[in-house]
Amino acid sequence: MNFSRVSRLGFSLVLIVIGGCTTAPPSDLDNICAIFDEKKGWYKSAKKSAKRWDADIPTMMAIVHQESKFEAKAKPPRKKILGFIPGFRPSNAYGYSQALTGTWERYKRDAGAYGADRDEFDDAIDFIGWYNKLSYKENGVSATDARALYLNYHEGQGGYARGTYKSKAWLVGVANKVHARAGRYRTQLQGCKSRLDAANKGWFDWF
């Protein structure tokens, strides 16, 4: 047996496995079908969250896009001191959903997701579904009203109820962008949903 050849083969397999587990963002952020085709398992995770929290997949994905551009370990940019010296980050937001530490801990308790990590997509998308459900319960916001849901997401349900966003024209503009993206994602998903459902169907789903 050529052990040198076996070693090289084993090393190559390790590289393939590592490459398949990459946390790099999807190549095409503007097409939800392309995102789910490239990131195997993401559609199943999004669908699970949507079912659990009566949430809307295009809206959840549009929020992820706005918050992190699908960067697993995204953090808020540091403040600049004197215009060029890196300072502190404005918050402890982290991961796909840019969830704050305190809010994430509340999610883990409420959802029973004690091992959840902010840099894991399946946990992050479930967090967004949970948060959007809170916005519905507290402020009556529809699962497909991406604009209002994003304003809740950014300001908190209490802030939204008080109308804190009304003095923030920039934030309203961002929320409108999220709503428009959710609409595009929804149209795109209609064209590939049947295929994605078939590809992600489990053994017991066939019965």
Side-chain angles (χ1 to χ4, degrees), residues 16-74 95-99 104 107-108 110-137 140-150 152-153 175 177-207:
I16 291 172
V17 170
I18 293 175
C21 297
T22 181
T23 56
S27 303
D28 185 356
L29 303 184
D30 295 324
N31 190 305
I32 196 171
C33 297
I35 291 172
F36 287 142
D37 284 338
E38 180 177 345
K39 296 295 183 178
K40 306 302 183 186
W42 279 21
Y43 178 70
K44 188 174 183 178
S45 296
K47 187 176 179 182
K48 181 180 178 181
S49 177
K51 182 177 181 180
R52 183 181 188 187
W53 305 111
D54 296 320
D56 176 61
I57 292 175
T59 295
M60 292 190 294
M61 292 293 284
I63 290 175
V64 177
H65 177 278
Q66 178 58 42
E67 292 299 283
S68 67
K69 300 297 187 291
F70 299 96
E71 290 275 358
K73 301 182 183 299
Y96 287 107
S97 64
Q98 287 296 279
W104 188 260
Y107 157 71
K108 291 200 294 183
D110 287 358
Y114 296 103
D117 294 314
R118 286 179 284 179
D119 54 10
E120 293 289 342
F121 178 82
D122 56 340
D123 295 328
I125 200 73
D126 195 63
F127 168 84
I128 293 175
W130 165 81
Y131 199 91
N132 288 354
K133 184 72 171 185
L134 288 182
S135 298
Y136 167 75
K137 287 182 177 179
V141 179
S142 164
T144 56
D145 188 349
R147 177 183 183 277
L149 286 171
Y150 185 75
N152 274 266
Y153 197 82
K177 286 173 55 180
V178 172
H179 191 80
R181 178 171 294 277
R184 291 194 298 274
Y185 277 173
R186 187 170 297 108
T187 299
Q188 293 164 354
L189 187 59
Q190 289 173 354
C192 64
K193 186 177 185 301
S194 296
R195 173 174 59 78
L196 290 170
D197 284 337
N200 286 273
K201 184 170 288 189
W203 173 255
F204 290 104
D205 294 329
W206 291 100
F207 298 94

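FYI, side chains are in, hydrogens and waters are out, and symmetry mates aren't considered; it's all heavy atoms of this structure.
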Can you name the closest pair of heavy atoms from [X] and [Y] and give their distance?
X: Gly129; Y: Ala55; answer: CA-CB, 4.1 Å
X: Gly115; Y: Asp123; answer: O-OD2, 4.4 Å
X: Arg118; Y: Ala124; answer: O-CB, 4.1 Å
X: Ala46; Y: Phe36; answer: CB-CZ, 4.1 Å
X: Ala143; Y: Thr59; answer: O-OG1, 3.6 Å
X: Lys69; Y: Pro25; answer: O-CB, 3.7 Å

query = When you look at NZ of Lys51, are more than 12 heavy atoms from neighbouring residues, nucleotides or ligands closer to it than 6.0 Å?
reply =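 It does not: Lys51 NZ has 12 such atoms or fewer within range.
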message = Tell me whether Phe121 at atom CZ has more than 12 heavy atoms from other residues, nucleotides or ligands lying less than 6.0 Å away.
response =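 Yes, CZ of Phe121 has more than 12 neighbouring heavy atoms, counting only those of other groups under 6.0 Å.
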message = Go through it in stages, so that I can follow the logic: the residues are Lys193 and Ile57, the test is side chain to side chain contact (heavy atoms under 4.5 Å, CB included), and I'd like the CA-CA distance, side-chain angles, deciding distance and then a yes or no.
response = CA-CA 11 Å; Lys193 186 177 185 301; Ile57 292 175; over 6 Å; no
Quick one: does [X]'s side chain get under 4.5 Å of [Y]'s, heavy atoms only?
X: Asp30; Y: Gln188; answer: no
X: Ile63; Y: Asn132; answer: yes
X: Tyr185; Y: His65; answer: yes
X: Met61; Y: Ile125; answer: yes
X: Gln66; Y: Tyr153; answer: no
X: Leu189; Y: Leu196; answer: yes

From [atom1] ([X]) to [atom2] ([Y]), nearest 0.5 Å:
X: Trp42; Y: Tyr96; atom1: CH2; atom2: OH; value: 4.5 Å
X: Asp119; Y: Glu71; atom1: CG; atom2: CD; value: 12.0 Å
X: Glu67; Y: Gln98; atom1: CD; atom2: CD; value: 6.0 Å
X: Ser142; Y: Leu149; atom1: OG; atom2: CG; value: 7.0 Å
X: Ser135; Y: Ile128; atom1: OG; atom2: CD1; value: 11.5 Å
X: Thr23; Y: Lys73; atom1: OG1; atom2: NZ; value: 6.0 Å

Full working for side chain to side chain donor-acceptor pair (under 3.5 Å) between Asp126 and Tyr107 = CA-CA 9 Å; Asp126 195 63; Tyr107 157 71; 2.6 Å; yes
ask   = Is there a donor-acceptor pair under 3.5 Å between the side chain of Ser68 and the backbone N or O of Val64?
value =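 Side chain of Ser68 to backbone of Val64, a donor-acceptor pair under 3.5 Å: yes, one is there.
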key: Any donor-acceptor N/O pair, Asn31 side chain to Ala34 backbone, under 3.5 Å   =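 Indeed, once roles are kept as given, a pair shorter than 3.5 Å links the two residues.
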task = Can you sort out the partners of Lys48 under side chain to side chain contact (heavy atoms under 4.5 Å, CB included), two or more places apart, ordered by chain and number?
result =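 Listed in chain order: nothing, the list is empty.
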key: Salt-bridge contact Arg195-Asp37 (side-chain N to carboxylate O under 4.0 Å)   =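 Yes, this pair counts.
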ask   = Is there a side chain to side chain donor-acceptor pair (under 3.5 Å) between Tyr43 and Asp197 once you walk through the steps?
value = CA-CA 9 Å; Tyr43 178 70; Asp197 284 337; 2.5 Å; yes
query = Which of these, Trp130, Tyr131, Phe127, sits in a ring-ring contact (aromatic ring centres under 6.0 Å, His included) with Trp104?
reply =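 Of Trp130, Tyr131, Phe127, ring-ring contact (aromatic ring centres under 6.0 Å, His included) with Trp104 is met by Phe127 alone.
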